[in-house]
Participant: 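Let me begin by handing over the structure; questions about it come next.
Lettering follows sequence order; numbering is per chain, from 1. Model, not experiment: these values are computed from the prediction.
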Protein chains: 2
Amino acid sequence: MIKRVTLADVARQAGVSMQTVSRAVRDKDDISTETRERIMAIVNELGYRPSGIARSLVTQRTTTVGLMVPDIANPFFSEIARGVEDTAYAHAYSLFLCNAAEDIEREKAALNSLLEKQVDGVIICSPRLPMTDLFAYLEQFYYAVVFNRDLSEDIDKVRLIYVDDQEGTRLAWDHFVQLGHQKIGMLAGPVQSWSSQQRVASFRAACTSAGLDGCLELIEHCMPTIAGGLEGTERLLSDHPEITAILAFNDLVAIGALRGCQNLGRRVPQDIEIIGSDDIPLASLMTPPLTSLHVPHRTLGVTVMQSLIQLLNGEKPDPYRIIFHPELTLRCSAP
Amino acid sequence: MIKRVTLADVARQAGVSMQTVSRAVRDKDDISTETRERIMAIVNELGYRPSGIARSLVTQRTTTVGLMVPDIANPFFSEIARGVEDTAYAHAYSLFLCNAAEDIEREKAALNSLLEKQVDGVIICSPRLPMTDLFAYLEQFYYAVVFNRDLSEDIDKVRLIYVDDQEGTRLAWDHFVQLGHQKIGMLAGPVQSWSSQQRVASFRAACTSAGLDGCLELIEHCMPTIAGGLEGTERLLSDHPEITAILAFNDLVAIGALRGCQNLGRRVPQDIEIIGSDDIPLASLMTPPLTSLHVPHRTLGVTVMQSLIQLLNGEKPDPYRIIFHPELTLRCSAP
DNA sequence: CTGTTAGCGCCTTCAT
DNA sequence: ATGAAGGCGCTAACAG
């Protein structure tokens with residue numbers, strides 16, 4: 001391993017104390033312009049780089065944050081990650097990326113690792129982690145922003161940002177009803193997901209209040225992927241061929257549903273209509289283009305990181321919850 | 001800021017030296033089972049977590065690697081990132097994610113930051129960074145894997161992994177020629193991109209050797225995005241309406257081209273045929289499904305990280321260059 | 001098997 | 001404006 005150039009090396013070469021070099025490097029003002037320039041010349045000559053590790057040990061800050069997502073290959077999360085990274089960069093924070101990969105043990109391992117890395121703050125997009133575990137972790141992090149799930153209790157150093165899934169579900173439901181549908185099915189995503197639970201609750205309430213109790217049986221859980229949507233659709237339609245409309249957990253599931261319908265010879269939107277969720281770039285590119293519940297993904301990422309930065313700066317961001325409202329973007333799959 | 005529990009705290013409580021606690025925590029074997037258990041009980045009770053920072057300062061290792069990509073929101077790179085993260089996790093490394101965002105200054109800033117963070121190794125996907133800058137950085141990192149670009153000089157601590165773009169271009173070209181095309185255009189991506197340069201070179205060579213010198217004028221550079229493909233197609237087809245086939249820099253550009261053709265009333269594949277590159281999941285979902293040069297994205301990510309891990313382990317991965325060969329996956333846009 | 005000593009590279013505090 | 005002393009939390013190397 002190459003020997004690092006240290007403050008001491010620069011100090012020796014410059015004939016000053018380490019302290020003076022440190023001041024020059026950090027651009028502090030109680031130092032003469034002349035010495036500063038002389039020192040910086042030597043810094044460049046020697047190729048000195050301050051050790052972030054040593055610095056962090058003493059300052060107890062790492063200028064580092066963690067981002068935990070279920071799957072970075074999912075366009076919804078990669079867009080969010082992009083927003084987070086852009087904002088982190090703008091504020092000189094580095095970003096640890098962790099992928100839960102639908103595996104709770106792995107998720108815990110990743111959070112433990114973030115804790116050991118001593119991130120200054122963390123963003124947790126974790127629809128599955130049991131609430132007690134989540135609370136246990138939140139307690140240990142300095143600051144945290146939790147994305148897309150609500151907590152039963154407000155914690156001072158935490159902020160919440162989520163999409164109002166109940167509202168989204170209602171919007172989609174109302175649209176279907178307005179189009180005259182009576183047999184509306186739901187591909188509800190993973191059972192343990194908070195977001196899924198919200199939607200199911202909202203869907204159930206809508207069924208009952210619309211007097212369409214038959215739809216209560218038309219809820220099918222599935223993986224939040226194209227394959228999951230495909231399988232879910234096949235199960236749903238083979239059990240309930242009477243379905244004429246499907247509300248999907250997200251756009252990937254909706255695309256799977258599109259495929260599933262095609263496989264079963266059901267035309268979209270003539271025989272069956274589909275509404276997706278999140279409005280990822282893909283949605284508008286499909287044939288037929290997908291009607292979807294739009295949320296501004298990248299903005300979501302930016303907002304999440306901005307809130308974390310406020311916390312990091314010792315501010316108390318208000319409100320405690322930032323709630324995004326999905327908008328139904330009409331396209332051909334449910335015009 | 002909450003007071004950390006330190007080794008000293010645990011040691012005091014357990015009535016042993018810090019060293020013994022350290023051994024227990026790191027699961028070293030020269031310690032009696034009895035003391036280990038007693039200590040671990042106290043560790044749990046006190047909620048002690050080792051400080052990665054302090055540990056790194058003394059070991060000079062951070063168990064951290066950096067990943068630099070142009071744009072994490074681009075499905076090609078998010079798939080790669082997924083492969084990298086999975087593999088990093090499997091080997092207990094944490095991943096810093098950096099986004100160059102098509103901005104060379106930002107890219108340098110990110111690399112500087114990785115250097116200060118003292119990552120053990122770095123993966124650089126940087127098609128644009130000038131070669132001299134790249135070499136300067138490679139010199140400063142302990143280990144590096146460079147993705148999708150070749151270097152004029154072999155460096156001991158570096159490995160190279162790339163897709164053979166010349167071969168890919170040839171495959172696509174040959175397919176077009178076989179289909180009878182004479183006016184083949186190219187949407188070549190960003191001028192500064194190494195990958196773009198490879199393809200242009202290969203395209204040029206193919207033009208000449210096929211006696212289709214007219215095609216030399218049908219090369220249009222563009223941003224590597226859907227919007228870039230759209231604009232590029234409009235420029236290309238308005239200048240050269242005689243074009244009947246387009247080879248796109250990547251699938252996003254190909255999708256833009258698809259759109260552009262539709263806007264201009266040219267049907268794909270009847271009036272004009274299109275071949276994309278990378279075969280991202282989107283490609284097969286388009287209408288018409290896109291013919292594309294397939295590369296195994298996630299495997300690419302896994303391979304890149306595996307090579308880095310070998311370097312990190314002090315091995316000398318052989319061969320120096322791992323080259324992936326794209327395969328032409330035929331779909332409807334150029335059957 | 002356990003403890004002691006000596007830093008890792010830097011910043012904070014206090015002197016000068 | 002500059003320097004000296006002390007310590008951040010941990011581990012490597014050596015004793016015992």
Participant: Please classify the nucleic acid contact of A:Ile31 as base, sugar-phosphate, or nothing, using heavy-atom distances under 4.0 Å.
Facilitator: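 A:Ile31: backbone/sugar contact only, no base atoms under 4.0 Å.
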
Participant: Using only modelled atom types and a 3.5 angstrom limit, is any donor from either the side chain of A:Gln19 or the base of C:dT12 paired with an acceptor on the other?
Facilitator: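 Such a pair exists between side chain and base.
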
Participant: DNA chain C: A:Met18 or B:Gly15, which has the more 5' nearest nucleotide?
Facilitator: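 Between the two, 5'-proximity favours B:Gly15.
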
Participant: Does B:Arg23 reach a base, just sugar-phosphate, or nothing at all? Heavy atoms under 4.0 Å.
Facilitator: base

Participant: Is there a donor-acceptor pair under 3.5 Å between the side chain of B:Gln118 and the backbone N or O of A:Gly52?
Facilitator: yes

Participant: Any side-chain N or O of A:Thr20 below 4.0 angstrom from OP1/OP2 of D:dT2?
Facilitator: no

Participant: Check the phosphate of D:dA1 against A:Arg38, side-chain N and O only, distance under 4.0 Å to OP1 or OP2. Yes or no?
Facilitator: no

Participant: Given atom NZ of A:Lys28 and atom C1' of C:dT13, what is their separation to the nearest angstrom?
Facilitator: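 A:Lys28 atom NZ is separated from C:dT13 atom C1' by 13 Å.
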
Participant: Please tell me if A:Gln60 has a side-chain N or O lying less than 4.0 Å from either OP1 or OP2 of D:dG9.
Facilitator: yes

Participant: Ignoring hydrogens and angles, tell me if any N or O in the side chain of A:Thr64 forms a donor-acceptor pair with the backbone of A:Thr62 under 3.5 Å.
Facilitator: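 Indeed, once roles are kept as given, a pair shorter than 3.5 Å links the two residues.
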
Participant: Whole angstrom is fine here: how far is it from CZ in B:Arg55 over to P in C:dG7?
Facilitator: 22 Å

Participant: Check for a donor-acceptor pair, side chain of B:Ser307 on one end and backbone N or O of B:Thr303 on the other, with a separation under 3.5 Å.
Facilitator: yes

Participant: Rounded to whole Å, how long is the line connecting atom CG of A:Asp27 with atom C1' of C:dC11?
Facilitator: 16 Å

Participant: Can you find a side chain N or O atom of B:Thr35 that sits less than 4.0 Å from OP1 or OP2 on C:dC1?
Facilitator: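 No, outside the criterion.
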
Participant: Any side-chain to backbone donor/acceptor pair from B:Tyr320 onto B:Ile155? Under 3.5 Å, distance only.
Facilitator: yes

Participant: Could you state the atom-to-atom distance from CZ of A:Arg12 to P of D:dG3 in whole Å?
Facilitator: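 So the CZ-P distance, A:Arg12 to D:dG3, works out to 15 Å.
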
Participant: Report the distance from atom CG of B:Leu57 to atom P of C:dG7, rounded to the nearest whole Å.
Facilitator: 14 Å

Participant: Quick one: is the NZ or CZ of B:Arg106 closer than 6.0 Å to the six-membered ring centre of A:Tyr89, and within 45° of its axis?
Facilitator: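 Flagged: B:Arg106 positioned over aromatic ring of A:Tyr89.
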
Participant: For the side chain of B:Ser32, counting heavy atoms from C-beta on, which of D:dC10, C:dC1, C:dC10 is nearest?
Facilitator: C:dC1

Participant: Please state how far atom CG in A:Leu7 lies from atom C1' in D:dA4, giving the value in whole angstrom units.
Facilitator: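 Rounded to the whole Å, the gap is 15 Å.
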
Participant: Among D:dA4, D:dA1, D:dT11, which nucleotide has an atom closest to any side-chain atom of A:Ser17?
Facilitator: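 Given the options D:dA4, D:dA1, D:dT11, the side chain of A:Ser17 is closest to D:dA4.
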
Participant: Please check the phosphate of D:dC10 (OP1 and OP2 only) for any side-chain N or O of B:Ser51 closer than 4.0 Å.
Facilitator: no

Participant: Could you grab the distance from atom OG1 of B:Thr87 to atom CG of B:Leu308, nearest 0.5 Å is fine?
Facilitator: 10.5 Å

Participant: Between C:dG3, D:dC10, C:dC11, which one does the side chain of A:Thr59 approach most closely?
Facilitator: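 Ranking C:dG3, D:dC10, C:dC11 by closest atom to the A:Thr59 side chain puts C:dC11 first.
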
Participant: Can you check the B:Lys117 NZ to C:dG9 P distance for me, whole Å?
Facilitator: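 Between P of C:dG9 and NZ of B:Lys117: 18 Å.
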
Participant: Quickly work out the A:Arg26 CZ to D:dT2 P distance and round it to whole Å.
Facilitator: 14 Å

Participant: Under 4.0 Å: is that the gap between some side-chain N or O of A:Arg4 and OP1 or OP2 of C:dG9?
Facilitator: no

